[in-house]
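Notes follow the structure.
Computed from a predicted model, the values in this text were never measured in an experiment. The chains referred to below are lettered A, B, ... by the order of the sequence lines, with proteins before strands, and numbering in each begins at 1.
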Amino acid sequence: MQPKEPTRIFLYNTLTRQKEELTLREPGKVSLYVCGVTPYDALHIGHARAFTVYDVLRRVLTARGLEVTHIQNVTDVDDKIINRAAEVGVSAKELAERFAAEAADDTRALGMLPAHLYPRVTDYIKPIVDMVQVLEHKGYAYARAGDVYFDVSKDPQYGKLSGQKLDELEAGARIEPGEHKDDPMDFALWKGVKPGEPSWAAPWGEGRPGWHIECSAMALELLGAGFDIHGGARELIFPHHENEVAQSEMYLDGNAFARLWWHCGVVQVDGKKMSKSLGNFLTVRQGLQIASPQVWRLFYLMTHPRSPLDYNEERLMQAKSAWGRLYSALSTHEAEPYRLFAAATANGTPNGSAPDNAAVRHFRERFDAALADDLNTPIAFAAIFDAVSEWHRIHDDDLARVVRGALEMLGFTFEVQQPSDELGELAPRLIEMLVEVRREARERRDFKSSDNIRNELEKIGVLLEDTPEGTRWKMEM
RNA sequence: GGGCAGGUGGCGGAGCGGCUAACGCGCUGGACUGCAACUCCAGUUUUCAUGGGUUCGAGUCCCAUCCUGCCCUCCA
């Protein structure tokens, strides 16, 4: 199962519980559907972890020459949105769009590429209604008092994604007041309208989509049956994804909905899942106050994407130190655009311009193989850190450029950190003046003054490093 | 109760049948430095939850036990 050729990619398929080679419905093209947000509140760093993981998956696939269509839905009609909107006194749509826009800002601030499309459920009511109707006509769903429910007993494969057996699920299930299910495991495809709620016309009367149907309908509408990868966090496996598979594959007469399900782990705090309901969350905005986007990205990627990730500030600071090491080593080099190792060597390198020596080769082989093996980012970073150490030893600038290119491929940036927004371009010049004053002090062996300058600058986040070529400064990450 | 993931050093975190168990953070000593920082070198530490078993050989497979998290209700 170890990928020998880095052009092949292996991912753990939740459906089959093993790593599988990624095979595509259409050669060269990857259709990726990721479960996005229900925008009724701020994005927190748990959400951001998931989106970062899929951002990296998409970047890696793209860097391998695949054309990725990345879709991330926005569930803009939902109980929580409706309730929250009522509290705040705005329409549900207004509230949803406000938080969706905020989430878009936050993900951009974290350095993620925007998905190619963020479909809103409310823009896909027609396909949803159509799908529910088909399910009803085929006898897999039934209408009761304005609601429509999926009849789980009609699906012999129900439970295959989460590994649950129907009778075991039955034990814990119950029917909520106001529901009209025949069986506790059945789930709503369509909810009849209640006073004050947004609703749309449908054959069963006014109402709105149930929770799971929107993803099925939008994925099928936008990507079509048998699309390549369906993603989301682990917690969504049941019931959300299980129900998506059930309704979609019954709708498709047993044909596959998604080829591969790849789930990422959740973020925990002190061993408990970070969640809005527990209140143990840190919003992305708060998070960006204490660490840069690069530090967050590294913090996320130093753990395997499918593993749980326990957050606390000390661990974040470990990532900060680690990023500082990468940044100070690589920030002064031009990046060599990332190219897949096998492709680079197979196609030959025109004019011999592309770096290709033993150190570069060794790094690329490890890095590419790690990412191809279920997106093993911890090992990819082991290769990066080893390469950085190697660079410090042998000062092979090609190696530094290639490593920097690899980091940029993963979504890291090496922008010069601005010392201060207020001072703008003036600040670097002032710092350089202080560095010069300090140099003169050191020449006089006035170490009291020189240390004072260094210490005071450090207090405001400017770090000085004396090198044989002179003093250089950098902002604390 | 059921399903699914796990339990590896001071802290994170890879490895999942076979070199002296990656990598990061931390710590100690040395080099460099006016002193630091950065960097390099040398160390630091784990018989890989526990008890059995399979195997020439096991964190790595099997069984049992203990513990943790996730899901079974909205949640990335």
Which residue lies more 5' along RNA chain B, comparing A:Ala319 with A:Arg472 via nearest heavy atoms: A:Ala319
Phosphate OP1/OP2 of B:rA76: any A:Asn73 side-chain N/O under 4.0 Å: no
Given B:rA76, B:rG24, B:rA14, the nucleotide with the shortest approach to the side chain of A:Ser389: B:rG24
Charged N-O contact under 4.0 Å between A:Lys19 and A:Asp373: yes
Rounded distance [0.5 Å steps], CD in A:Gln247 versus NZ in A:Lys154: 15.5 Å
A:Thr38 vs B:rA76: side-chain N/O to OP1/OP2 distance below 4.0 Å: yes
Chi-angle category of B:rG59 [syn within 90° of 0, anti beyond]: syn
Any donor-acceptor pair under 3.5 Å from A:Thr14 side chain to A:Trp261 backbone: yes
Flag, side chain of A:Tyr54 to backbone of A:Tyr33, donor-acceptor distance under 3.5 Å: no
Approximate separation, where rounding is to 0.5 Å, of A:Leu95 CG and A:Ile81 CD1: 7.0 Å
Side-chain donor-acceptor contact under 3.5 Å, A:His70 with A:Arg58: yes
Selection from B:rC71, B:rC41, B:rC25 that lies nearest to any side-chain heavy atom of A:Ser321: B:rC25
5' precedence on RNA chain B between A:Met274 and A:Tyr12 (nearest-nucleotide basis): A:Tyr12
Sugar-phosphate or base contact per nucleotide [nucleotides 28-36 of chain B; S, B, -; heavy atom under 4.0 Å]: ------BBB
Might you list the N or O atoms of the protein lying below 3.5 Å from N or O atoms in nucleotides 66-69 of chain B, with each pair's distance?
{"unit_1": "B:rG69", "atom_1": "O3'", "unit_2": "A:Gly271", "atom_2": "O", "d": "3.2"}
{"unit_1": "B:rG69", "atom_1": "O2'", "unit_2": "A:Gln268", "atom_2": "OE1", "d": "2.5"}

A:Arg325 side-chain N/O to B:rG24 phosphate OP1/OP2 under 4.0 Å: yes
Any residue meeting side-chain hydrogen bond (donor to acceptor under 3.5 Å, both in side chains) with A:Asp155, in chain and number order, not counting sequence neighbours: none
Pairwise C1' distance, B:rC11 and B:rC27 [rounded to whole Å]: 11 Å
N/O donor-acceptor pair, side chain A:Gln318 with base B:rC11, under 3.5 angstrom: yes
Closest non-hydrogen atom pair between A:Phe299 and A:Asp310, with its separation: CZ-O, 4.1 Å
Below 4.0 Å: OP1/OP2 of B:rG12 and any side-chain N or O of A:Arg315: yes
side-chain N/O A:Ser307 vs B:rA14 OP1/OP2, d < 4.0 Å: yes
